[in-house]
Participant: 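Encoded as structure tokens, here's the structure I'll be asking about.
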Amino acid sequence: MALTLYNTLTRQKETFKPLKPGHVSMYVCGPTVYDSSHIGHARSAVVFDIVFRYLQEAGYKVTYVRNFTDVDDKIINRANERDMDCQALSEIYIDEFHRDMDALAVLRPTLEPRATEFIKEIIEVTAKLVEKGHAYVVDGDVYFDVRSFASYGKLSGRKLEDMEAGARVKVDSRKKDPFDFALWKAKKPGEPAWESPWGEGRPGWHIECSAMSWSRLGETFDIHGGGQDLIFPHHENEVAQSEAAFGQQFVRYWMHNGFVNIDSEKMSKSLNNFLTVKEILDQFHPEAVRLFLLSKHYRSPVDFTEQAMKEAASGLDRVYSCLQRILETVGGLDDDFQISGHWSRFCACMDDDFNTAGALGILFEAVRDVNRLLDGDLTGDDQVRATEAGAAIVKMGGVLGMFQEDPDAYFEGKKEQAAQDGGFDPAMVDDLVAKRSQARKDKDWGTADAIRDQLTEMGVAIEDTPDGTIWKMA
RNA sequence: GGCGGCAUAGCCAAGUGGUAAGGCAGCGGACUGCAAAUCCGUUAUUCUCCGGUUCAAAUCCGGAUGCCGCCUCCA
């Protein structure tokens with residue numbers, strides 16, 4: 001069983017083989033920290049979180065680098081609007097990004113470098129490119145000369161000629177070619193700047209990733225990831241910079257995740273339909289968000305809708321109900337997650353270019369198998385098999401970053417959250433429920449049903465179980 | 001104008017040559033005072049359409065139609 005993954009560079013699935021046996025080096029483009037993170041950032045983070053987790057599960061030591069872009073036009077503009085400095089602004093959004101991603105159970109990468117901490121390396125790579133004739137200086141700006149890099153366009157599958165025919169690029173007469181891009185930008189008033197051989201200035205966008213990946217992972221590394229929109233120009237430019245500077249292959253496997261649409265529409269500033277992670281987590285359980293994001297293959301677009309989220313939330317309940325049922329009926333899980341066979345089938349899906357949708361299918365099969373076993377006469381053998389399958393569910397969940405909560409705590413948490421959202425005191429509900437229970441005991445069905453109707457109107461659902469009545473938000 | 005992707009049940013979605021996973025909703029059953037919740041069962045002779053290759057195709061090839069993305073900052 002070998003991991004295969006789709007390589008954007010070659011446009012096909014390839015068997016994954018790291019440069020150094022047993023060790024994987026991975027770089028993913030992180031956010032530009034000038035605003036709150038949205039569901040698209042969450043998808044990218046969750047997708048590569050799965051890659052990170054699964055590679056480790058497969059026994060690799062993984063060095064995972066994800067950067068913060070903390071100097072850039074958007075940050076400068078936003079900081080000026082708010083009359084604060086760029087660093088303070090970045091700090092706010094880095095903290096917020098961490099809070100959001102922690103809430104989503106996204107593991108912290110091994111390293112999280114910031115562009116402004118690598119100015120020295122950025123200048124070093126830029127100088128090398130100038131030296132080698134791949135870059136030129138104009139009025140304190142330094143531009144990469146795309147014509148000097150013969151394979152420019154190989155990642156995105158474009159030719160310079162074709163793109164220029166499209167002609168939607170601004171022509172800058174100082175550039176040799178419209179597609180030449182800035183490595184270094186001369187200082188303008190009100191902008192942060194650093195000393196450089198070309199005068200005071202700041203780095204262009206693309207160069208930071210070349211510099212930081214080189215510094216932390218070397219001239220060639222295994223996996224580079226990011227959103228599909230970064231393929232061109234950002235990643236194309238990274239390839240050009242790094243390979244022109246160091247004269248060897250930059251990245252061995254390129255992985256790109258698809259977009260998140262909102263109600264079938266692309267998220268965009270103009271449509272004003274950005275959904276922030278915070279807004280979503282206000283409404284849905286973090287694991288439901290992960291379940292939603294992972295229920296479709298990472299390279300396909302995924303459509304965020306209220307209905308899809310509710311379905312994910314229902315699915316999450318189903319799994320937790322199952323885990324709770326195991327704990328209640330047989331008291332615990334088995335240690336051996338391999339026996340039931342679900343785990344190996346799960347891995348086969350994950351090995352196939354991280355097919356999380358297929359993998360989730362296996363997980364839900366395990367849930368059904370457990371329920372079937374527990375529906376039987378519970379002979380010792382069935383109980384053991386149920387706990388084995390249950391162990392597999394938790395194990396699979398671990399790779400997906402889900403089902404890590406105690407089931408009782410999960411349902412209790414949901415109830416508290418719901419009561420809070422409904423704006424009433426749980427004690428009052430408990431009181432009504434107690435009254436109804438008494439009425440039921442007296443076989444006073446009229447009163448019992450009246451109370452139930454009253455609770456229903458409040459949005460509270462009643463569940464009569466053999467151990468008594470419990471309630472939750474409908 | 002250039003490049004690329006997608007089209008599988010009511011909805012979402014796996015499946016890349018061997019005879020259609022899974023989820024949600026629906027329906028039937030168990031359970032219940034009746035319900036709800038939960039659990040079980042069940043729902044595509046067929047994979048947008050038309051040709052072709054093959055003993056065999058949702059899967060490969062050619063064509064048509066429809067939808068979408070990128071080529072400009074963007075996860």
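Below, chains carry the letters A, B, ... as their sequence lines are ordered, and counting in each starts from 1. Side chains are part of it too, since the values below use all heavy atoms of this structure and drop only hydrogens, waters and symmetry mates. Keep in mind it's a predicted model, so treat the numbers as computed, not measured.
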Participant: Rounded to the nearest Å, what distance is computed from the CZ atom of residue A:Arg325 to the C1' atom of nucleotide B:C40?
Facilitator: 9 Å
Participant: Counting only distance, no hydrogens or angles, is the base of B:G33 paired donor-acceptor with the side chain of A:Asp449 under 3.5 Å?
Facilitator: yes
Participant: If we take the P atom in both B:A25 and B:G41, what is their distance in whole Å?
Facilitator: 16 Å
Participant: Both A:Val260 and A:Ala312 contact RNA chain B. Which one's nearest nucleotide lies toward the 5' end?
Facilitator: A:Ala312
Participant: Do A:Trp445 and the base of B:G33 stack face to face, with centres under 5.5 Å apart and an angle between planes under 30°?
Facilitator: yes
Participant: Between B:A58 and B:U54, how far apart are the two C1' atoms, rounded to whole Å?
Facilitator: 16 Å
Participant: Rounded off to whole Å, could you give me the CZ-to-C1' distance for the A:Phe292 and B:G22 pair?
Facilitator: 17 Å
Participant: Tell me the interatomic distance from A:Arg158, atom CZ, to B:C70, atom C1', rounded to whole angstroms.
Facilitator: 6 Å
Participant: Counting heavy atoms from C-beta on, name the nucleotide in B:G22, B:C39, B:A75 closest to the side chain of A:Ser44.
Facilitator: B:A75
Participant: Would you tell me if any nitrogen or oxygen in the side chain of A:Asn355 comes within less than 4.0 Å of OP1 or OP2 on B:G15?
Facilitator: yes
Participant: Ignoring backbone atoms, test whether A:Asn371 places a side-chain nitrogen or oxygen under 4.0 Å from the OP1 or OP2 oxygen of B:C40.
Facilitator: yes
Participant: For the pair A:Lys13 and A:Asp352, find out whether any cationic side-chain nitrogen is under 4.0 Å from an anionic carboxylate oxygen.
Facilitator: yes
Participant: Ignoring hydrogens and geometry beyond distance, is the side chain of A:Glu311 in donor-acceptor contact with the base of B:G23 at under 3.5 Å?
Facilitator: yes
Participant: What does A:Ala357 touch in the nucleic acid at a heavy-atom separation under 4.0 angstrom: a base, only the sugar-phosphate, or nothing?
Facilitator: base
Participant: Of all the heavy-atom pairs spanning A:Leu55 and A:Met26, show the shortest one and how long it is.
Facilitator: CD1-SD, 4.4 Å
Participant: Tell me whether the side-chain N or O atoms of A:Asp464 pair up with the base of B:A35 as donor and acceptor below 3.5 Å, since no angle test is needed here.
Facilitator: yes
Participant: Report the distance from atom CG of A:Leu363 to atom P of B:G23, rounded to the nearest whole Å.
Facilitator: 11 Å
Participant: Compute whether any side-chain donor of one residue and acceptor of the other, for A:Asp442 and A:Gln438, lie under 3.5 angstrom apart.
Facilitator: yes
Participant: Of the options B:G33, B:C70, B:U38, whose atoms approach the side-chain atoms of A:Arg440 most closely?
Facilitator: B:G33
Participant: From B:C40, B:A14, B:C24, pick the nucleotide closest to the side chain of A:His297?
Facilitator: B:A14
Participant: Mapping A:Asp229 and A:Gly446 to their closest nucleotides on RNA chain B, which lands nearer the 5' end?
Facilitator: A:Gly446
Participant: Of all the nucleotides listed (B:C73, B:U72, B:A35), which has the minimum atom distance to the side chain of A:Lys74?
Facilitator: B:C73
Participant: If we take the C1' atom in both B:C12 and B:C50, what is their distance in whole Å?
Facilitator: 29 Å
Participant: Could you state the NZ-P distance from A:Lys296 to B:C11, rounded to the nearest angstrom?
Facilitator: 14 Å
Participant: In this structure, are over 12 heavy atoms from other groups packed under 6.0 Å from A:Gln12 atom CD?
Facilitator: yes
Participant: Counting distance alone, no hydrogens or angles: does the base of B:C6 have a donor or acceptor under 3.5 Å from a partner atom on the side chain of A:Arg299?
Facilitator: no
Participant: Can you find a side-chain donor-acceptor pair between A:Asp222 and A:Ser25 that sits under 3.5 Å?
Facilitator: yes
Participant: Taking any heavy-atom pair under 4.0 Å as a contact, classify A:Arg436: base, sugar-phosphate, or nothing.
Facilitator: base
Participant: Between B:C40, B:A75, B:C11, which nucleotide gets closest to the side-chain atoms of A:His38?
Facilitator: B:A75
Participant: Considering only B:U16, B:G69, B:A35, which nucleotide approaches the side chain of A:Lys266 most closely?
Facilitator: B:G69
Participant: So, A:Tyr143 and A:Asp177: side-chain donor and acceptor under 3.5 Å apart, yes or no?
Facilitator: no
Participant: Rounded off to whole Å, could you give me the CG-to-C1' distance for the A:Leu291 and B:C24 pair?
Facilitator: 11 Å
Participant: Contact class for A:Gly227 (heavy atom, under 4.0 Å): base, sugar-phosphate, or nothing?
Facilitator: sugar-phosphate
Participant: When we call it a touch if two heavy atoms are under 4.0 Å apart, what does A:Val47 touch: a base, just sugar-phosphate, or nothing?
Facilitator: nothing
Participant: Which nucleotide in the list B:G22, B:C34, B:A37 gets nearest to the side chain of A:Glu365?
Facilitator: B:G22
Participant: Does the cation-pi check pass for A:Arg66 over A:Phe48, that is, NZ or CZ under 6.0 Å from the six-membered ring centre and within 45° of its axis?
Facilitator: no
Participant: Taking the C1' atom in each of B:A14 and B:A20, what is the distance between them to the nearest angstrom?
Facilitator: 10 Å
Participant: Does A:Arg372 make a side-chain N or O approach to OP1 or OP2 of B:G41 shorter than 4.0 Å?
Facilitator: yes
Participant: Determine the Euclidean distance between corresponding C1' atoms of B:A44 and B:A7; express it in Å to zero decimal places.
Facilitator: 16 Å
Participant: When only distance counts, do a donor and an acceptor, one from the side chain of A:Arg452 and one from the base of B:A36, lie under 3.5 Å apart?
Facilitator: no
Participant: Of the nucleotides B:G33, B:C39, B:A14, which has the atom closest to the A:Asp375 side chain?
Facilitator: B:C39
Participant: Measure the distance from OH on A:Tyr298 to P on B:A14 and round it to the nearest whole Å.
Facilitator: 13 Å
Participant: Which is true for A:Leu230 with a 4.0 Å heavy-atom rule: it touches a base, it touches only sugar-phosphate, or it touches nothing?
Facilitator: sugar-phosphate
Participant: State whether A:Lys175 and A:Asp141 are salt-bridged, where the test is any N-O pair (Lys NZ or Arg NE/NH1/NH2 against Asp/Glu carboxylate O) under 4.0 Å.
Facilitator: no
Participant: Output yes when at least one side-chain N/O atom of A:Arg318 is less than 4.0 Å from OP1 or OP2 of B:U38, else no.
Facilitator: no
Participant: Between A:Phe304 (CZ) and B:C12 (C1'), how many Å, whole number?
Facilitator: 14 Å
